[in-house]
Number of protein chains: 2
Amino acid sequence: MKEEAQSRPYLGVTERRRQLLDAAVEVMVEEGAGALSLRSVAQRAGVAHRLVNYAFGSKAALVAALLDRESERLAARVWAEPLPAETLEVAVAAALGSFLAEVRSDPRRFERLAELTALARASDALVDAARAESAAYRLMIAERLELWCAQRGVRLASLQVVISAIHAAADGLAEWWLTTRDDAQVEEVIGVLAGGFGGVRVMQ
Amino acid sequence: MKEEAQSRPYLGVTERRRQLLDAAVEVMVEEGAGALSLRSVAQRAGVAHRLVNYAFGSKAALVAALLDRESERLAARVWAEPLPAETLEVAVAAALGSFLAEVRSDPRRFERLAELTALARASDALVDAARAESAAYRLMIAERLELWCAQRGVRLASLQVVISAIHAAADGLAEWWLTTRDDAQVEEVIGVLAGGFGGVRVMQ
DNA sequence: GTCTATAGGTCGATAGAC
DNA sequence: GTCTATCGACCTATAGAC
């Protein structure tokens with residue numbers, strides 16, 4: 001395994017793929033998912049565009065690999081810390097908070113990944129990759145939730161529903177923040193999503 | 001104003017734009033937002049691709065017009081009925097319910113529109129159109145909420161936060177349902193989003 | 001590196017509308 | 001006749017595949 005940047009020491013396919021995916025991420029973050037092409041990725045990596053096709057077989061395969069790796073990475077970072085062993089409401093609020101913190105730490109990357117996912121969903125060749133992504137997402141939520149249950153020594157009457165609700169809340173929260181970038185309201189919005197609209201102060 | 005379909009009776013620009021936008025919607029729904037091109041739209045409408053460019057000035061202008069018209073139409077239908085004058089929690093649950101009903105009535109169209117919005121957000125030429133769309137969305141929520149307040153004779157301590165939370169919940173709900181198509185859980189997930197995670201049944 | 005397909009944009013000419 | 005909508009052809013850039 002060599003680390004030199006500019007030389008081209010006949011990397012193995014695996015390494016080469018890794019390097020090209022890194023380049024693809026850079027292109028995507030800086031110029032948008034629409035700018036992804038064999039050529040733009042190759043240029044970024046400093047190789048002949050032919051090589052990208054060789055390494056992945058097709059553009060669709062490149063995008064599928066990119067989607068897979070990036071969504072997994074993101075999910076791993078986002079849900080890395082277990083839910084605090086408090087009430088479900090508090091635990092969910094904490095999870096939403098750390099999720100949004102992750103989004104805010106690199107909004108561009110998250111936004112572009114969402115764009116790529118939307119792209120993939122509309123493509124016959126990539127729709128499976130998109131499905132796999134969201135399935136993995138739900139699985140990761142499920143694991144955290146089961147851990148929380150174990151810590152508290154309880155069971156949830158409808159685990160699947162809670163997973164779905166967390167999924168929806170997290171996704172909507174990210175979408176809301178990305179479109180408004182309203183930092184001032186973050187805490188309160190999370191509070192309403194986790195605690196429900198019944199707790200909102202209403203004045204006569 | 002002629003109504004014949006196949007002849008080309010020299011439509012005015014306004015009519016022509018309308019017709020072309022209809023064709024663009026068909027292309028988008030059937031083949032995805034990525035398939036939108038001057039040529040695909042023109043072919044669908046049965047005119048020379050040159051004409052699309054002529055009518056809109058550029059592809060970006062076409063997409064902006066499409067985004068504008070479609071998102072406005074959708075929002076108008078979704079938030080047509082006022083919130084029921086009950087507690088906020090019940091009102092929000094009802095709103096989420098009718099919102100999702102709308103999504104479920106034509107999932108493809110909603111999905112494609114979301115795709116187009118994601119596309120637009122990554123494009124310098126279209127980012128303003130995307131912003132305008134979400135601003136209009138929030139405005140429509142605000143109007144319904146103010147009506148609800150007036151009906152109940154109350155005020156909300158933090159109107160903006162509630163708007164944001166509804167925005168996030170609705171968006172996340174749609175996203176969740178579109179990826180899972182899980183009809184069986186819809187009611188319960190809406191219940192959790194509107195009522196909060198504090199109300200979820202936890203068993204020892 | 002080359003081939004081919006596609007896409008956005010433009011030019012000149014034509015044909016309907018007034 | 002003039003104006004505008006319309007068309008077919010063409011140019012150039014780009015992108016995927018081999």
Side-chain angles (χ1 to χ4, degrees), chain A residues 8 13 16-17 20-21 23-28 30-67 112 115-116 119-120 122-127 129, chain B residues 1-28 30-67 112 115-116 119-120 122-127 129:
Chain A
R8 67 207 69 122
V13 247
R16 183 59 83 187
R17 283 207 188 108
L20 291 175
L21 286 179
V25 169
E26 290 176 30
V27 171
M28 187 178 73
E30 289 172 27
E31 298 168 66
L36 280 176
S37 73
L38 300 184
R39 284 173 164 83
S40 61
V41 171
Q43 188 180 18
R44 174 65 63 153
V47 301
H49 73 269
R50 174 73 181 81
L51 186 55
V52 184
N53 196 295
Y54 173 80
F56 289 97
S58 73
K59 183 191 176 180
L62 163 70
V63 174
L66 182 62
L67 204 52
R112 304 303 202 190
E115 185 198 350
L116 192 64
L119 257 293
S123 152
D124 291 334
L126 292 171
V127 71
Chain B
M1 288 110 181
K2 337 277 155 65
E3 307 300 331
E4 303 90 272
Q6 39 88 291
S7 65
R8 66 207 71 119
Y10 276 66
L11 297 178
V13 247
T14 312
E15 297 265 326
R16 182 59 81 189
R17 282 206 189 108
R18 251 179 38 77
Q19 179 210 342
L20 291 175
L21 286 180
D22 291 341
V25 169
E26 289 177 30
V27 171
M28 188 178 73
E30 289 173 27
E31 298 169 66
L36 280 175
S37 72
L38 299 183
R39 284 174 164 84
S40 61
V41 171
Q43 188 180 18
R44 174 67 61 156
V47 299
H49 82 270
R50 173 71 179 82
L51 187 55
V52 184
N53 195 293
Y54 176 80
F56 289 98
S58 71
K59 183 192 175 179
L62 163 71
V63 175
L66 183 62
L67 205 52
R112 303 303 203 192
E115 185 197 349
L116 191 64
L119 258 292
S123 152
D124 292 334
L126 292 171
V127 71

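This is a predicted model, so every value here is computed, not measured. Chain identifiers are assigned alphabetically (A, B, ...) following the order of the sequence lines, protein sequences preceding nucleic acid strands; residue numbering begins at 1 within each chain.
- In this structure, CG of B:L51 is placed 17 Å from P of C:dC11, rounded to the nearest angstrom.
- Across the protein-nucleic acid pair, B:Y10 atom OH and D:dT2 atom C1' stand 14 Å apart, rounded to whole Å.
- Following rounding to the nearest Å, B:Y54 (OH) and C:dC11 (P) show an atom-to-atom distance of 14 Å.
- In this structure, CD of B:E15 is placed 11 Å from P of D:dT6, rounded to the nearest angstrom.
- Listed by first and then second residue, the side-chain hydrogen bond (donor to acceptor under 3.5 Å, both in side chains) pairs that reach into residues 46-63 of chain B come to none, sequence neighbours excluded.
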| request: Go along nucleotides 8-18 of chain D 5' to 3' and tag each nucleotide: B for a protein heavy atom under 4.0 Å from its base, S when only backbone or sugar atoms are that close, - otherwise. | output: BBB----BBBB
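- The structure places CG of B:L51 at 10.5 Å from CG of B:L38, a figure rounded to the nearest 0.5 Å.
- In terms of the side-chain contact (heavy atoms from CB on, under 4.5 Å) criterion, residue partners of B:L66 (sequence neighbours excluded) are, by chain and number, B:L21, B:A24, B:V25, B:M28, B:L36, B:E70, B:L116.
- For A:R17, the side-chain hydrogen bond (donor to acceptor under 3.5 Å, both in side chains) criterion is met by no residue, not counting sequence neighbours.
- Summarising the geometry, the separation between CG on B:L62 and C1' on C:dG8 is reported as 12 Å, rounded to the nearest angstrom.
- Listed by chain and residue number, nothing satisfies the side-chain contact (heavy atoms from CB on, under 4.5 Å) test with A:Q43 (two or more places apart in sequence, or in another chain).
- B:E26 meets the side-chain hydrogen bond (donor to acceptor under 3.5 Å, both in side chains) test with B:R44; sequence neighbours excluded.
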